[in-house]
Amino acid sequence: MRTSHYFAPTLRQVSGEVELASHRLLLQAGYIRQVAAGVYSLLPLGVRVTRKVENIIREEMDAAGALECFLPALHPLELWEKTGRAEYWGPELMRLKDRSGRPFCLGGTHEEVITSLVAGEVRSYRELPLNLYQIQTKFRDDPRPRGGLIRVREFIMKDAYSFDRDVAGLDRSYDIMVEAYHKILQRMGLPYHVVEASGGGIGGWDTKEFELPSETGESRYLRCEKCEYAATPEVAEVKPPAPAERAEALPIERVETPEKRTIEQVTEFLGVSPRRLVKTLVYQVGEKVVAALVRGDRDLSEDKLRAVLEARVLEMAGPETIARVTGAPVGFAGPVGLKGVEIIADEELRNEANFVTGGNEADLHLRNVNWGRDFEVSRWADLRCAAEGDPCPGCGASLRELRGVELAHVFKLGTFYSEALGAYFLDEDGTRKPIVMGCYGIGSTRMVAAIAEHYHDENGLIWPPSVAPFDVIVIPVNHDDEVHRSLAERIYEELKAAGLEVLLEDRVERPGVKFKDADLIGIPGQVVVGRLAKEGKVEVRRRGGESRVAPAEEVGSVLRELLAS
RNA sequence: CGGGGCGUAGCGCAGCUUGGUAGCGCGCCUGCCUUGGGCGCAGGAGGUCGUGGGUUCAAAUCCCGCCGCCCCGACCA
């Protein structure tokens, strides 16, 4: 390929509004252009990198025994209504109607479509296990797209779905996919952490996220440097503290706290630390109402609460419910005197005494509240989000909080979708059972951004050879010098013939422009044909690394050596 | 959805506080010059100032609405 006939419009300057390095460099080097918030065009260089990423994913999926399909992006909304996800996703699901008014949506994921496909075809246990995948455009009307390709409303991802006859089969399929993901990420040349995560509201357990550790990432997780345990704060297990003597209970006191509703307002008003407060969070679980108690400086983990209650869906109680069960407006709920409400408390509160809580009356809080004396706890459980410094549940060392870019996510889904969409099979014993599913996603466009985020310097991108848009760029320094031009041409042809993907920089530009653009674009191999050309020698460089002078005939072998390093 | 910022030539920005003449850098076109890190000189083209309304003799500038984009937060199967 020749740059004179290519389309890689590089920019001298990018708006100061663009902050993320990957966003800035992909724009500047001519890989992407924005169309709307969270909507991008991929230019030829962007397509080449994306295809490299996808081919690595494809090879590993195929090697793991998954079969490639191509499902539609356009889904009848009816399918999403069958699983309840049309409602669950709400406005995040992009909706539209066809000409006759039939409701459709643009798929944000493909459990519904794939499950209904399998439901129509698979009859017997003999046809299982099955693992189907696709590389498809997804649409999610994210409330806040950001960071270039990191978080967008339209993106490409590989999603695989496994179908098994039982949970043991699912466990095997899942392990195979996890193994494949390790291989994929290693081939991308990216560091990553495997993080235990939450399956979210609908279905799903044993879920793992593969995170690229990055200061600029938007996911947060806790990781133990000793034993490599890593989990999101919502799911990281917090061991109950060792039992300790509680402070002596003081007489309960009522304090007027006019208009002081938030933890911040109350602590400031009363001059106490948030640790002394206990938050009372009221949840609606079906018909039941429960109150969850955590220390004032902690966050409740809805995942943990959901697990304790064995509830699939959990909803924060609305103002009416709160008024009904506490007798007070939002902001003054407390455990003392709650009626008909189960009280579940975080283990951490067991050793604590004399807390400040809401008073269940408008503008009232209570001091010196004690469990056992002033109210009863029906269940103690690990309810709070873990935090930096908490002990690792594996080895007891201290957990550190990291930020990362979520590259991939695997779930065990179970039978939620197969039951909702009628994907049943006849087992060996003649009984009809729902197929047990797993799902495995990895974003290809996000991967491109993540690699750019990780591999760049002040001059531009530096692609790992496995995903680079070209292997090498050949740069004749002086366009008017016949020796430079003809030697560059020759090397270009020879490298192509040797099976490399080569870009020839044949534009009529000054040397500085060509060097700057080559660095910006970040092709790992650079061959500079300049003043040594008359002796038949050229410079062979690794972008961002070593540079060697070599005779023209040895360019191929020197390049291979440099690219392997 | 809450908070903050921005929208002026193809790109990046100034001008707005204090209303009256729309400016700079890069890019682009022409000519000369130059050729190992975004050359130099000379000449030139190019703008409904996001959009709708209001105030005013007069609006890029002041006021109101809307739209779009960026950042923080909420959110993120």
Side-chain angles (χ1 to χ4, degrees), chain A residues 9-20 23-24 27-28 30 33-40 80 83-93 107-112 138-148 150-153 155 157 159 161 197-205 207 209 216-220 232 234 299 302-303 312-313 316 405-406 409-413 416-417 437 439-441 443 446 459-460 475-481 483-485 505 507-520 526 528-533 538-539 541 547 549:
Chain A
T10 54
L11 303 172
R12 299 231 171 177
Q13 287 168 312
V14 175
S15 167
E17 278 195 337
V18 175
E19 296 185 356
L20 221 57
H23 187 192
R24 170 169 290 273
L27 277 172
Q28 196 179 353
R33 286 294 182 266
Q34 184 179 45
V35 175
V39 181
Y40 286 84
W80 285 67
T83 56
R85 287 213 300 180
E87 194 194 342
Y88 189 81
W89 274 44
E92 189 151 342
L93 189 61
T109 173
H110 283 72
E111 282 82 2
E112 280 78 4
K138 307 291 186 200
F139 298 86
R140 297 179 191 179
D141 197 356
D142 198 292
R144 183 150 109 76
R146 75 184 100 174
I150 293 283
R151 183 163 155 186
V152 286
R153 298 194 291 174
F155 58 97
M157 91 180 231
D159 44 330
Y161 303 87
S198 154
I202 294 201
W205 72 94
T207 95
E209 293 170 359
T216 60
E218 57 177 354
S219 6
R220 290 171 187 280
T232 61
E234 292 76 29
D299 292 318
E302 291 194 2
D303 290 299
R312 176 163 260 156
V313 186
M316 270 203 103
V405 177
E406 182 185 331
H409 203 162
V410 295
F411 295 74
K412 290 180 184 172
L413 293 174
F416 177 81
Y417 294 96
M437 293 175 56
C439 97
Y440 318 92
R446 176 178 281 184
N459 296 317
I475 307 170
V477 172
N478 186 345
H479 180 84
D480 290 338
D481 188 319
V483 180
H484 294 190
R485 260 203 348 238
E505 176 52 283
R507 291 178 303 172
V508 184
E509 289 286 355
R510 295 182 55 83
V513 173
K514 296 192 264 194
F515 289 135
K516 287 285 184 193
D517 275 351
D519 285 352
L520 188 58
Q526 300 183 343
V528 179
V529 184
R531 53 171 89 88
L532 301 171
V538 298
E539 259 173 81
R541 304 174 177 171
S547 173
V549 173

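No hydrogens, no waters, no symmetry mates; every other heavy atom, side chains included, goes into these values. Just so we're on the same page: letters track the sequence lines, and every chain starts at 1.
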B/G37 base / A/Arg541 side chain donor-acceptor hit below 3.5 Å
yes
For the P atoms, the ones on B/C72 and on B/G10, what distance do you get once it is rounded to whole angstrom? 29 Å
Next on the checklist: So, does A/Arg220 get its side chain near the phosphate of B/C76, meaning an N or O under 4.0 Å from OP1 or OP2?
Outcome noted: no
Separation of B/C76 atom P from A/Arg85 atom CZ, nearest Å, is 14 Å
The contact string for nucleotides 25-30 of chain B, one letter per nucleotide 5' to 3', using protein heavy atoms under 4.0 Å with B, S and - for base, sugar-phosphate only and none, comes out as BSS---
### Message
Counting the atoms with a prime plus P, OP1 and OP2 as sugar-phosphate, which does A/Val528 contact under 4.0 Å by heavy atoms, base, sugar-phosphate, or nothing?
### Response
base
* **Separation of the P atoms in B/C24 and B/G44, to the nearest angstrom** => 13 Å
Residues at least two apart in sequence or cross-chain that pass salt bridge (charged side-chain N to carboxylate O under 4.0 Å, His left out) with A/Lys138, listed by chain then number, are A/Asp159
- prompt: Ignoring hydrogens and angles, does a donor from either the side chain of A/Arg153 or the base of B/C76 sit under 3.5 Å from an acceptor on the other?
  reply: no
For A/Arg531, the salt bridge (charged side-chain N to carboxylate O under 4.0 Å, His left out) test, sequence neighbours excluded, returns none
A/Leu27 atom CG is separated from B/C11 atom P, nearest whole Å, by 13 Å
In whole angstroms, the gap separating C1' of B/C75 from CH2 of A/Trp89 amounts to 13 Å
Would you classify A/Asp481 as touching base, sugar-phosphate or nothing, given that sugar-phosphate means primed atoms plus P, OP1 and OP2, and contacts are heavy atoms under 4.0 Å? nothing
Of A/Cys439 and A/Arg531, the one whose nearest nucleotide on RNA chain B sits closer to the 5' end is A/Arg531
Tell me if the side-chain of A/Asn478 makes a donor-acceptor pair with the base of B/G36, cut-off 3.5 Å, by modelled atom types.
no
Against the side chain of A/Asp480, the closest entry in B/G37, B/U35, B/C71 is B/U35
Side-chain atoms of A/Arg146 come closest, of B/C6, B/U35, B/C72, to B/C72
Checking N1-N3 plus N6-O4 or O6-N4 for Watson-Crick, or N1-O2 and O6-N3 for wobble, each under 3.5 Å, the partner of B/C33 is none
Please report the distance separating the C1' of B/A14 from the corresponding atom of B/U61, rounded so that it comes out in whole Å. 14 Å
Any strand, both distances under 3.5 Å, Watson-Crick or G-U wobble: B/A60 pairs with none
Of the listed B/A74, B/C39, B/C6, the closest approach to the A/Arg510 side chain comes from B/C39
Taking B/C39, B/C70, B/C76 as options, the one with an atom nearest any side-chain atom of A/Glu92 is B/C76
Give a yes/no answer on whether the side chain of A/Arg144 brings an N or O atom under 4.0 Å of OP1 or OP2 in B/C72. yes
>> Taking only side-chain N and O atoms of A/Ser15, does any of them lie within less than 4.0 angstrom of OP1 or OP2 on B/C13?
In response: yes
Strictly below 4.0 Å, N to O, side chains only: are A/Arg153 and A/Asp141 in salt-bridge contact?
yes
note: A/Arg485, atom CZ; B/U35, atom P; distance rounded to Å ~ 16 Å
**Message:** Within the 4.0 Å heavy-atom criterion, would you say A/Gly147 contacts the bases, only the backbone, or no part of the nucleic acid?
**Reply:** sugar-phosphate
### Query
Taking the same atom, P, in B/G25 and in B/C70, what whole-Å distance lies between them?
30 Å
Separation of B/C76 atom P from A/Leu93 atom CG, nearest Å, is 15 Å
_Does A/Gln34 reach a base, just sugar-phosphate, or nothing at all? Heavy atoms under 4.0 Å._
sugar-phosphate
P-based separation of B/G27 from B/C67 [nearest Å]: 38 Å
Exercise for the section: Between B/G68 and B/C49, how far apart are the C1' atoms? Round to whole Å, please. Expected result: 16 Å
Against the side chain of A/Lys516, the closest entry in B/A74, B/U35, B/G38 is B/G38
(message) Could you tell me how far B/A74 sits from B/U17 if I compare only their C1' atoms? Round to whole Å.
(response) 35 Å
A/Glu218 CD to B/C70 P, in whole Å, measures 14 Å
What interatomic distance, in whole Å, is found between P of B/A42 and the corresponding atom of B/C26? 12 Å
A/Arg507 CZ to B/G38 P, in whole Å, measures 14 Å
Rounded to whole Å, CD of A/Glu505 lies from P of B/G37 at a distance of 15 Å
